[in-house]
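The block underneath contains the structure these notes are about, expressed in C-alpha coordinates.
Keep in mind that this is a model prediction, so the values were computed, not measured. Naming convention: chains lettered A, B, ... in sequence-line order (proteins, then strands); numbering from 1 in each chain.
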Amino acid sequence: MPELPEVETIKNDLKQKILRKKIEKVDLKLKKTVKSPVRNFVLDLEGNKFTNIKRRGKLLIFNLSQKNKYLLIHLRMTGQLIYQKGKETTAGGHSDNGKNNNAIIDLPNKHTRIIFYFSDESQLFFNDLRRFGVAKIVNKKELRKITDDFGVEPLEKDFSLKIFKNLIENKNGNAKAFLLNQKYIAGIGNIYADEILFEAKVLPGRKINSLDVKEIKKIYQAIKKILKKAIKYRGTTFYSYIDARGQKGNFTKFLKVYKQEKKKCLRCKKGIIQKTKIAGRGTRYCNKCQK
DNA sequence: AAGATTGTTGCTTA
DNA sequence: TTAAGCAACAATCT
(Lines give C-alpha, C1' and ligand atoms only; values in the text may rest on other atoms or scores of the structure.)
Protein backbone atom coordinates (compact mmCIF):
# COMPACT_ATOMS: atom_id res chain seq x y z
CA MET A 1 0.00 0.00 0.00
CA PRO A 2 1.54 3.29 -1.01
CA GLU A 3 1.69 5.47 2.07
CA LEU A 4 3.77 8.59 2.66
CA PRO A 5 7.23 6.94 2.30
CA GLU A 6 6.26 5.11 -0.88
CA VAL A 7 4.68 8.15 -2.49
CA GLU A 8 7.68 10.26 -1.48
CA THR A 9 10.01 7.72 -3.11
CA ILE A 10 8.02 7.74 -6.35
CA LYS A 11 7.93 11.54 -6.36
CA ASN A 12 11.69 11.80 -5.92
CA ASP A 13 12.33 9.23 -8.65
CA LEU A 14 9.99 10.86 -11.14
CA LYS A 15 11.41 14.34 -10.51
CA GLN A 16 14.69 13.09 -11.90
CA LYS A 17 13.08 11.52 -14.94
CA ILE A 18 10.13 13.35 -16.43
CA LEU A 19 10.35 17.07 -15.61
CA ARG A 20 10.34 19.46 -18.58
CA LYS A 21 9.88 16.67 -21.10
CA LYS A 22 7.15 17.28 -23.64
CA ILE A 23 4.16 14.98 -23.16
CA GLU A 24 3.69 13.70 -26.70
CA LYS A 25 0.64 11.52 -26.18
CA VAL A 26 -1.61 10.24 -23.40
CA ASP A 27 -3.27 6.85 -23.75
CA LEU A 28 -6.16 6.55 -21.32
CA LYS A 29 -6.94 2.86 -21.18
CA LEU A 30 -9.46 2.94 -18.33
CA LYS A 31 -11.70 6.01 -18.36
CA LYS A 32 -12.96 5.32 -14.86
CA THR A 33 -9.49 6.19 -13.52
CA VAL A 34 -9.97 9.85 -14.49
CA LYS A 35 -12.24 11.84 -12.22
CA SER A 36 -12.27 15.05 -14.26
CA PRO A 37 -13.71 15.43 -17.81
CA VAL A 38 -11.98 12.77 -19.91
CA ARG A 39 -11.67 14.79 -23.12
CA ASN A 40 -10.09 17.75 -21.35
CA PHE A 41 -7.80 15.40 -19.42
CA VAL A 42 -5.98 14.24 -22.54
CA LEU A 43 -6.05 17.65 -24.23
CA ASP A 44 -4.68 19.44 -21.18
CA LEU A 45 -1.73 17.06 -20.97
CA GLU A 46 -0.71 16.51 -24.58
CA GLY A 47 1.80 19.06 -25.79
CA ASN A 48 2.53 20.24 -22.26
CA LYS A 49 5.24 19.47 -19.70
CA PHE A 50 5.44 18.67 -16.03
CA THR A 51 7.35 21.50 -14.36
CA ASN A 52 7.41 20.14 -10.81
CA ILE A 53 6.09 17.27 -8.67
CA LYS A 54 4.97 17.58 -5.07
CA ARG A 55 3.42 15.32 -2.47
CA ARG A 56 0.67 16.12 0.01
CA GLY A 57 -0.11 13.17 2.25
CA LYS A 58 -0.45 10.24 -0.15
CA LEU A 59 -1.43 12.51 -3.05
CA LEU A 60 0.91 13.33 -5.93
CA ILE A 61 0.65 16.80 -7.47
CA PHE A 62 2.17 17.40 -10.91
CA ASN A 63 2.53 21.04 -11.90
CA LEU A 64 1.81 21.56 -15.60
CA SER A 65 3.45 24.12 -17.86
CA GLN A 66 -0.06 25.10 -18.83
CA LYS A 67 -0.83 27.77 -16.30
CA ASN A 68 -3.26 27.07 -13.48
CA LYS A 69 -3.48 23.33 -14.23
CA TYR A 70 -2.38 20.50 -12.00
CA LEU A 71 -2.47 16.74 -12.50
CA LEU A 72 -3.36 14.89 -9.30
CA ILE A 73 -2.70 11.18 -8.88
CA HIS A 74 -3.72 9.08 -5.90
CA LEU A 75 -2.49 5.49 -5.98
CA ARG A 76 -4.90 4.27 -3.30
CA MET A 77 -4.18 0.61 -2.59
CA THR A 78 -2.47 -0.94 -5.59
CA GLY A 79 -1.53 1.95 -7.87
CA GLN A 80 1.93 2.06 -9.42
CA LEU A 81 3.75 4.72 -11.42
CA ILE A 82 6.53 3.13 -13.41
CA TYR A 83 8.93 4.98 -15.64
CA GLN A 84 10.65 3.38 -18.60
CA LYS A 85 13.04 4.94 -21.01
CA GLY A 86 13.33 4.07 -24.67
CA LYS A 87 11.22 2.04 -26.98
CA GLU A 88 8.64 -0.42 -25.79
CA THR A 89 9.40 -4.13 -25.89
CA THR A 90 7.86 -6.63 -28.25
CA ALA A 91 4.61 -8.24 -27.23
CA GLY A 92 5.12 -11.00 -24.72
CA GLY A 93 8.79 -10.19 -24.48
CA HIS A 94 10.73 -9.30 -21.41
CA SER A 95 11.18 -5.60 -20.85
CA ASP A 96 14.58 -5.89 -19.19
CA ASN A 97 17.30 -7.09 -21.49
CA GLY A 98 19.96 -6.36 -18.91
CA LYS A 99 21.15 -3.29 -20.78
CA ASN A 100 18.83 -0.69 -19.31
CA ASN A 101 17.28 0.26 -15.99
CA ASN A 102 13.76 -0.61 -16.92
CA ALA A 103 11.40 -2.43 -14.59
CA ILE A 104 11.45 -6.19 -14.61
CA ILE A 105 7.84 -6.40 -15.67
CA ASP A 106 6.17 -6.29 -19.04
CA LEU A 107 4.63 -2.94 -19.78
CA PRO A 108 2.00 -2.15 -20.63
CA ASN A 109 0.07 -5.04 -19.10
CA LYS A 110 -3.55 -5.75 -18.23
CA HIS A 111 -3.34 -3.47 -15.20
CA THR A 112 -2.13 -0.45 -17.16
CA ARG A 113 -4.71 2.35 -16.87
CA ILE A 114 -2.87 5.36 -18.35
CA ILE A 115 0.30 5.67 -20.43
CA PHE A 116 2.16 8.99 -20.77
CA TYR A 117 4.48 9.12 -23.78
CA PHE A 118 7.27 11.69 -23.68
CA SER A 119 9.07 13.24 -26.64
CA ASP A 120 12.34 11.41 -25.86
CA GLU A 121 10.47 8.09 -26.23
CA SER A 122 10.38 7.45 -22.51
CA GLN A 123 7.05 6.47 -20.94
CA LEU A 124 5.25 6.64 -17.64
CA PHE A 125 2.80 3.85 -16.82
CA PHE A 126 -0.01 4.24 -14.30
CA ASN A 127 -0.81 0.66 -13.37
CA ASP A 128 -3.50 -0.29 -10.89
CA LEU A 129 -4.60 -3.83 -10.27
CA ARG A 130 -7.65 -3.02 -8.19
CA ARG A 131 -8.78 0.09 -10.08
CA PHE A 132 -9.13 2.31 -7.03
CA GLY A 133 -6.41 4.73 -8.05
CA VAL A 134 -7.53 8.07 -9.45
CA ALA A 135 -6.17 10.83 -11.66
CA LYS A 136 -7.66 14.24 -12.28
CA ILE A 137 -6.77 17.68 -13.51
CA VAL A 138 -7.68 20.63 -11.32
CA ASN A 139 -7.04 24.37 -11.21
CA LYS A 140 -5.34 26.21 -8.37
CA LYS A 141 -8.56 26.91 -6.51
CA GLU A 142 -9.67 23.27 -6.67
CA LEU A 143 -6.21 22.10 -5.63
CA ARG A 144 -6.30 24.41 -2.64
CA LYS A 145 -9.68 23.05 -1.59
CA ILE A 146 -8.36 19.48 -1.75
CA THR A 147 -5.07 20.06 0.05
CA ASP A 148 -6.73 22.17 2.75
CA ASP A 149 -8.59 19.08 3.91
CA PHE A 150 -5.33 17.29 4.71
CA GLY A 151 -3.81 17.49 8.15
CA VAL A 152 -0.24 18.46 8.99
CA GLU A 153 2.69 17.02 7.01
CA PRO A 154 4.51 14.92 9.62
CA LEU A 155 7.98 15.51 8.18
CA GLU A 156 7.67 19.26 7.75
CA LYS A 157 9.26 21.60 10.26
CA ASP A 158 5.94 23.01 11.36
CA PHE A 159 4.89 19.61 12.80
CA SER A 160 5.95 20.39 16.35
CA LEU A 161 5.26 18.49 19.56
CA LYS A 162 3.00 21.33 20.60
CA ILE A 163 0.91 21.02 17.44
CA PHE A 164 0.72 17.26 17.96
CA LYS A 165 -0.53 17.74 21.52
CA ASN A 166 -3.12 20.23 20.30
CA LEU A 167 -4.32 17.76 17.68
CA ILE A 168 -4.81 15.06 20.28
CA GLU A 169 -6.78 17.31 22.61
CA ASN A 170 -10.51 16.69 22.69
CA LYS A 171 -10.31 13.56 20.57
CA ASN A 172 -12.25 10.50 21.61
CA GLY A 173 -11.07 7.68 19.38
CA ASN A 174 -8.21 5.23 19.75
CA ALA A 175 -4.58 5.78 18.83
CA LYS A 176 -4.76 3.73 15.64
CA ALA A 177 -7.79 5.55 14.25
CA PHE A 178 -6.15 8.86 15.10
CA LEU A 179 -2.98 8.06 13.15
CA LEU A 180 -4.97 6.82 10.16
CA ASN A 181 -7.10 9.95 9.94
CA GLN A 182 -5.72 12.06 7.08
CA LYS A 183 -7.43 15.18 8.44
CA TYR A 184 -5.19 15.12 11.49
CA ILE A 185 -1.85 13.94 10.10
CA ALA A 186 -1.41 13.36 6.36
CA GLY A 187 0.20 10.27 4.88
CA ILE A 188 0.11 7.51 7.51
CA GLY A 189 -1.63 4.28 6.49
CA ASN A 190 -2.09 0.86 7.98
CA ILE A 191 1.51 -0.35 7.82
CA TYR A 192 3.13 2.68 9.40
CA ALA A 193 0.38 3.26 11.97
CA ASP A 194 1.16 -0.18 13.44
CA GLU A 195 4.92 0.30 13.19
CA ILE A 196 4.76 3.76 14.80
CA LEU A 197 2.71 2.53 17.75
CA PHE A 198 5.04 -0.40 18.26
CA GLU A 199 8.02 1.95 18.24
CA ALA A 200 6.24 4.16 20.79
CA LYS A 201 5.27 1.13 22.92
CA VAL A 202 1.62 2.17 22.89
CA LEU A 203 -1.24 -0.25 22.22
CA PRO A 204 -3.24 0.67 19.09
CA GLY A 205 -6.54 0.37 20.95
CA ARG A 206 -5.56 2.91 23.61
CA LYS A 207 -7.92 5.84 23.85
CA ILE A 208 -6.05 8.82 22.52
CA ASN A 209 -7.23 10.98 25.45
CA SER A 210 -5.85 8.49 27.97
CA LEU A 211 -2.24 8.98 26.85
CA ASP A 212 0.13 10.71 29.24
CA VAL A 213 2.62 13.37 28.19
CA LYS A 214 5.43 10.86 27.93
CA GLU A 215 3.46 8.56 25.63
CA ILE A 216 2.37 11.44 23.42
CA LYS A 217 5.98 12.48 23.01
CA LYS A 218 7.01 8.94 22.16
CA ILE A 219 4.38 8.65 19.45
CA TYR A 220 5.40 12.03 18.09
CA GLN A 221 9.03 10.98 17.87
CA ALA A 222 8.12 7.57 16.44
CA ILE A 223 6.13 9.15 13.60
CA LYS A 224 9.18 11.06 12.42
CA LYS A 225 11.64 8.25 13.03
CA ILE A 226 9.67 5.50 11.27
CA LEU A 227 8.61 7.59 8.29
CA LYS A 228 12.14 8.92 7.73
CA LYS A 229 13.65 5.47 7.95
CA ALA A 230 11.04 4.07 5.57
CA ILE A 231 11.86 6.78 3.03
CA LYS A 232 15.56 6.03 3.44
CA TYR A 233 14.85 2.42 2.51
CA ARG A 234 12.51 3.40 -0.34
CA GLY A 235 9.30 2.19 1.24
CA THR A 236 7.68 -1.13 2.07
CA THR A 237 6.67 -3.79 -0.41
CA PHE A 238 4.31 -6.36 0.91
CA TYR A 239 1.84 -6.99 -1.83
CA SER A 240 1.96 -4.83 -4.93
CA TYR A 241 4.04 -1.74 -4.26
CA ILE A 242 6.94 -0.94 -6.58
CA ASP A 243 8.68 2.38 -7.10
CA ALA A 244 9.03 4.43 -10.28
CA ARG A 245 12.00 2.25 -11.25
CA GLY A 246 9.80 -0.84 -10.96
CA GLN A 247 11.66 -2.01 -7.87
CA LYS A 248 10.47 -3.17 -4.46
CA GLY A 249 10.88 -1.18 -1.25
CA ASN A 250 13.49 -2.33 1.27
CA PHE A 251 11.78 -1.28 4.51
CA THR A 252 9.93 -4.61 4.47
CA LYS A 253 12.79 -6.27 6.31
CA PHE A 254 12.51 -3.74 9.15
CA LEU A 255 8.84 -4.38 9.84
CA LYS A 256 8.41 -5.24 13.52
CA VAL A 257 4.68 -5.95 13.68
CA TYR A 258 2.97 -5.51 10.33
CA LYS A 259 2.29 -9.01 8.96
CA GLN A 260 4.41 -10.41 11.80
CA GLU A 261 1.50 -11.94 13.75
CA LYS A 262 2.24 -15.10 15.73
CA LYS A 263 5.97 -14.35 15.68
CA LYS A 264 7.98 -13.66 18.81
CA CYS A 265 8.50 -9.96 19.51
CA LEU A 266 12.02 -8.99 18.44
CA ARG A 267 12.24 -6.22 21.04
CA CYS A 268 11.13 -7.76 24.33
CA LYS A 269 11.57 -11.38 23.20
CA LYS A 270 8.66 -12.35 25.45
CA GLY A 271 5.55 -11.22 23.68
CA ILE A 272 3.88 -12.76 20.65
CA ILE A 273 2.72 -10.38 17.93
CA GLN A 274 -1.07 -10.30 18.01
CA LYS A 275 -3.54 -9.49 15.27
CA THR A 276 -6.98 -7.95 15.77
CA LYS A 277 -9.24 -5.47 14.04
CA ILE A 278 -9.11 -1.87 15.24
CA ALA A 279 -10.58 1.12 13.40
CA GLY A 280 -11.87 -1.39 10.86
CA ARG A 281 -8.36 -2.43 9.86
CA GLY A 282 -6.10 -5.37 10.51
CA THR A 283 -3.95 -4.30 13.45
CA ARG A 284 -0.80 -5.88 14.89
CA TYR A 285 0.92 -5.29 18.21
CA CYS A 286 3.08 -6.93 20.84
CA ASN A 287 1.02 -8.08 23.80
CA LYS A 288 3.91 -7.61 26.22
CA CYS A 289 5.88 -4.46 25.49
CA GLN A 290 3.13 -2.21 24.13
CA LYS A 291 1.07 -0.73 26.97
C1' DA B 1 -13.65 -21.49 -1.16
C1' DA B 2 -15.26 -17.83 1.65
C1' DG B 3 -13.11 -14.30 4.03
C1' DA B 4 -9.36 -10.92 4.38
C1' DT B 5 -6.96 -7.34 2.36
C1' DT B 6 -6.92 -1.52 2.65
C1' DG B 7 -7.53 4.19 1.31
C1' DT B 8 -11.07 6.91 0.78
C1' DT B 9 -15.90 8.42 0.34
C1' DG B 10 -20.31 8.85 1.88
C1' DC B 11 -23.80 7.68 4.90
C1' DT B 12 -25.76 7.40 9.62
C1' DT B 13 -25.65 8.48 14.24
C1' DA B 14 -24.26 11.05 18.19
C1' DT C 1 -20.41 21.92 13.35
C1' DT C 2 -17.66 18.17 14.25
C1' DA C 3 -16.47 13.60 15.08
C1' DA C 4 -16.93 8.48 15.18
C1' DG C 5 -18.19 4.19 13.12
C1' DC C 6 -19.11 1.44 9.31
C1' DA C 7 -20.42 -0.25 4.61
C1' DA C 8 -19.00 0.05 -0.02
C1' DC C 9 -15.75 -0.20 -3.69
C1' DA C 10 -12.19 -3.90 -6.64
C1' DA C 11 -9.73 -7.90 -7.60
C1' DT C 12 -6.74 -10.72 -5.91
C1' DC C 13 -4.56 -13.71 -2.28
C1' DT C 14 -4.85 -17.11 1.50
Side-chain angles (χ1 to χ4, degrees), chain A residues 1-10 29-36 55-61 72-81 105 109-114 126-136 138 142-143 145-154 166-197 204-210 227 230 235-242 248-249 251-252 255 257-263 273-285:
Chain A
M1 281 51 65
E3 305 179 25
L4 186 153
E6 291 76 28
V7 179
E8 181 72 14
T9 300
I10 291 170
K29 293 189 167 300
L30 184 71
K31 290 200 168 79
K32 169 187 179 295
T33 302
V34 171
K35 300 296 180 187
S36 55
R55 178 192 58 74
R56 184 76 170 92
K58 303 168 193 168
L59 181 70
L60 283 165
I61 304 164
L72 307 184
I73 291 185
H74 198 301
L75 300 171
R76 296 285 185 97
M77 265 112 79
T78 56
Q80 305 169 330
L81 281 171
I105 53 173
N109 62 27
K110 65 175 179 174
H111 303 308
T112 301
R113 310 307 179 198
I114 308 175
F126 182 1
N127 274 23
D128 185 24
L129 184 148
R130 278 158 74 176
R131 304 176 181 224
F132 276 180
V134 296
K136 68 196 293 189
V138 298
E142 292 163 323
L143 175 63
K145 191 166 178 255
I146 290 165
T147 54
D148 277 356
D149 282 339
F150 285 94
V152 63
E153 280 294 325
N166 288 345
L167 275 177
I168 283 178
E169 261 177 34
N170 306 321
K171 297 293 189 303
N172 266 320
N174 55 56
K176 170 98 179 210
F178 176 82
L179 289 180
L180 288 177
N181 194 326
Q182 305 299 301
K183 286 183 177 171
Y184 303 149
I185 302 168
I188 299 171
N190 207 35
I191 298 171
Y192 297 108
D194 281 3
E195 293 298 316
I196 286 164
L197 290 170
R206 278 284 297 283
K207 284 283 197 178
I208 198 84
N209 57 19
S210 79
L227 294 179
T236 301
T237 295
F238 197 81
Y239 176 43
S240 66
Y241 170 74
I242 53 176
K248 294 178 176 180
F251 190 73
T252 317
L255 293 174
V257 285
Y258 186 78
K259 297 281 180 171
Q260 307 302 306
E261 52 266 30
K262 294 176 183 169
K263 291 186 185 172
I273 306 304
Q274 307 292 306
K275 185 188 170 196
T276 54
K277 188 167 272 198
I278 296 175
R281 292 290 174 250
T283 299
R284 287 87 173 176
Y285 60 91

Of the listed nucleotides [options], the one nearest the side chain of [X]:
X	options	result
A:Lys32	C:dA8, C:dA11, C:dA10	C:dA10
A:Arg76	B:dT8, C:dT12, C:dC9	B:dT8
A:Arg131	B:dT9, C:dA11, C:dA8	C:dA11

Value in whole Å for how far the [atom2] atom of [N] lies from [atom1] of [X]:
X	N	atom1	atom2	answer
A:Lys35	B:dG10	NZ	P	10 Å
A:Leu129	C:dC9	CG	C1'	14 Å
A:Tyr258	B:dA4	OH	P	15 Å
A:Ile73	B:dT8	CD1	P	15 Å
A:Lys58	B:dT9	NZ	C1'	13 Å
A:Leu75	C:dA10	CG	C1'	16 Å
A:Ile278	C:dC6	CD1	C1'	16 Å
A:Leu4	B:dT8	CG	P	11 Å

Original post:
At under 4.0 Å between heavy atoms, what does A:Arg284 touch on the DNA or RNA strands: base, sugar-phosphate, or nothing?
Top reply: sugar-phosphate
Original post:
Hey, are A:Glu153 and A:Arg56 close enough for a salt bridge, meaning a charged N less than 4.0 Å from a carboxylate O?
Top reply: yes
Within this structure, what is the [atom1]-[atom2] distance for the pair [X] and [Y], rounded to the nearest 0.5 Å?
X	Y	atom1	atom2	answer
A:Phe238	A:Lys248	CZ	NZ	10.5 Å
A:Asn127	A:Lys110	CG	NZ	11.5 Å
A:Thr252	A:Tyr258	OG1	OH	10.5 Å
A:Leu129	A:His111	CG	NE2	4.0 Å

Original post:
Want to settle it: does A:Gly280 or A:Tyr239 sit nearer the 5' end of DNA chain C, counting the closest nucleotide to each?
Top reply: A:Gly280
Original post:
How far apart are the closest heavy atoms of A:Glu261 and A:Arg284, and which atoms are they?
Top reply: OE1-NE, 3.0 Å
Original post:
Quick one: does A:Tyr192's side chain get under 4.5 Å of A:Leu4's, heavy atoms only?
Top reply: no
Original post:
For B:dT8, does OP1 or OP2 lie under 4.0 Å from any side-chain N or O of A:His74?
Top reply: yes
**OP:** Enumerate the residues from residues 168-184 of chain A whose closest heavy atom to DNA chain C is under 4.0 Å, giving them by residue number; use none for an empty result.
**Re:** A:Lys171, A:Asn172, A:Gly173, A:Tyr184
